[in-house]
Amino acid sequence: MEGNRAITWVEGTSADLVADALALGVKASPRMVTSWVEDGMLANPEPRKTSAHGSDPRVFPPAQRELFTRLLQARERSPLGRIPQRSLIRVVLYLWLIDDMVVPTPQARRAWRTHARATGQTNAVRRSQNVCAIVEQLAHPSATHKQRRAAHLVLEEGERTGRIDIDRLTSVLTELYSPWPIQPGMPRIERALPGPYGPVSVQHHIAMWRARHQAVRLLRHEEINETELDRVRTLYRPMWADYQARRPAMATLDAGEFAAYFAEPDTMEGRAIEAVDAFVGTLAGELGLIEAASHAAETARLKLAR
């Protein structure tokens with residue numbers, strides 16, 4: 001809606017999209033539109049043959065032309081001055097997750113690549129802050145500074161390089177999680193932290209971290225084809241819908257420390273972040289990455305216990 005007047009969207013060329021942007025007071029160019037197509041912000045324009053000897057410029061369907069305008073409007077409304085592209089990409093992926101009519105899967109595959117490339121791409125200060133938060137979440141109160149520092153360095157290296165040494169990670173996180181000396185002839189005492197669905201071991205954290213990293217790497221290199229993305233989306237939708245239906249009751253039942261875990265985001269960006277992250281988890285499970293990572297984490301644990 002624009003004021004009280006409904007907009008009837010029609011197909012448009014790249015030049016039309018540039019004109020739409022300029023009408024909003026946003027600088028744009030044909031190169032910008034092409035870049036958005038390459039990044040998965042827009043679908044490929046479609047050919048439109050008009051004569052036996054040639055064709056008009058390719059056109060974007062009405063839904064894509066509207067998507068272009070809505071994304072520009074959202075970007076310009078941001079109180080931060082301008083929403084970064086990684087946030088807009090999540091909105092595109094959210095639309096693909098919930099609706100078949102706006103974002104086609106070939107476009108979504110490129111958008112997943114762009115999203116995956118941006119995942120973890122933070123500066124050193126922000127990366128260190130994120131790792132500090134993880135260390136504080138997992139650390140037992142009696143964990144020493146040395147144990148915390150060792151975990152921080154390994155986690156930060158993994159975030160920076162994308163490579164995970166699971167034996168080394170298991171060693172430092174087990175000591176962080178359960179920082180008690182091993183008694184001769186006795187098995188290591190390992191704790192589990194309470195979670196919204198039950199106790200959580202350190203191996204679970206390690207497995208999920210590794211599986212998600214692997215899923216993101218596959219998306220980054222477009223190693224998951226469109227058929228597979230569609231298949232996993234088909235499985236994801238009813239599971240996510242069921243969770244959405246149950247979460248208000250779950251938040252009410254769990255009025256303690258995990259109530260916030262089930263709270264619903266109150267912004268479009270928050271809903272997009274949540275839904276996109278959930279899909280990556282579903283994808284990792286369907287590709288067998290969680291099972292393989294869990295086996296690797298348990299193998300590392302047994303090796304450490306020897």
Side-chain angles (χ1 to χ4, degrees), residues 119-217 250-251 253-263 265 270 273-274 277-278 280-281 284-285 289-306:
T119 300
Q121 298 299 308
T122 57
N123 60 41
V125 172
R126 177 62 62 85
R127 187 163 54 243
S128 181
Q129 291 172 340
N130 292 341
V131 169
C132 280
I134 294 172
V135 170
E136 288 307 309
Q137 175 191 356
L138 300 183
H140 187 275
S142 62
T144 66
H145 173 75
K146 181 179 179 181
Q147 290 168 328
R148 292 168 189 266
R149 182 61 180 164
H152 185 108
L153 291 174
V154 173
L155 285 168
E156 191 168 36
E157 181 182 354
E159 289 294 323
R160 179 174 53 83
T161 66
R163 294 189 295 272
I164 299 172
D165 182 336
I166 199 162
D167 289 339
R168 188 176 172 211
L169 184 64
T170 297
S171 176
V172 297
L173 289 190
T174 298
E175 288 200 4
L176 181 74
Y177 214 70
S178 305
W180 305 292
I182 301 176
Q183 300 300 321
M186 300 290 291
R188 175 187 288 273
I189 298 175
E190 295 186 29
R191 69 177 180 134
L193 283 175
Y197 298 107
V200 182
S201 68
V202 71
Q203 283 75 35
H204 173 80
H205 287 291
I206 294 169
M208 292 304 299
W209 194 46
R210 181 176 185 176
R212 292 181 70 88
H213 267 261
Q214 291 175 323
V216 168
R217 181 184 61 78
M250 295 164 77
L253 288 173
D254 192 341
E257 60 180 309
F258 300 113
Y261 181 89
F262 301 107
I273 291 171
E274 187 181 62
D277 285 350
V280 172
L289 300 176
I290 294 176
E291 182 179 0
S294 297
H295 177 73
E298 179 61 14
T299 299
R301 184 190 73 82
L302 293 173
K303 188 186 301 183
L304 184 64
R306 291 174 189 157

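Index from 1, following the sequence.
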Any chance you could measure [X], atom [atom1], to [Y], atom [atom2], to the nearest 0.5 Å?
| X | Y | atom1 | atom2 | value |
| --- | --- | --- | --- | --- |
| S201 | R301 | OG | CZ | 8.5 Å |
| K146 | E175 | NZ | CD | 8.5 Å |
| S178 | Q147 | OG | CD | 10.0 Å |

Of the non-hydrogen atoms in [X] and [Y], which two are nearest, and what is the gap between them?
| X | Y | result |
| --- | --- | --- |
| R191 | L138 | NH2-O, 2.7 Å |
| R210 | A296 | NH1-CB, 3.2 Å |
| A215 | L289 | N-CD1, 3.6 Å |
| P141 | R148 | O-NH2, 3.7 Å |
| P179 | S142 | CG-OG, 3.5 Å |
| A293 | A207 | CB-O, 3.3 Å |

After noting the C-alpha distance and the side-chain angles of H204 and S294, does the key distance pass the side-chain contact (heavy atoms from CB on, under 4.5 Å) rule?
CA-CA 7 Å; H204 173 80; S294 297; over 6 Å; no
Test side-chain contact (heavy atoms from CB on, under 4.5 Å) applied to E159 and H213, step by step:
CA-CA 9 Å; E159 289 294 323; H213 267 261; 3.5 Å; yes
Residues in salt bridge (Lys or Arg N to Asp or Glu O under 4.0 Å) with E274, at least two apart?
R247
Among L176, L173, L155, whose side chain to side chain contact (heavy atoms under 4.5 Å, CB included) with I134 holds?
L155
Should the heavy atoms of other residues, nucleotides or ligands under 6.0 Å from CD of Q129 be counted, would the total exceed 12?
yes
Listed once per pair and sorted, the side-chain hydrogen bond (donor to acceptor under 3.5 Å, both in side chains) pairs that draw on residues 165-174, sequence neighbours left out:
E157-R168, D167-K303
In chain order, what residues pass the ring pair (Phe, Tyr, Trp, His ring centres under 6.0 Å) check against H140, with sequence neighbours excluded?
W180
Less than 3.5 Å apart, any donor N or O on the side chain of H205 or W209 sitting next to an acceptor on the other?
no
Is there a donor-acceptor contact under 3.5 Å from the side chain of R212 to the main chain of D277?
yes
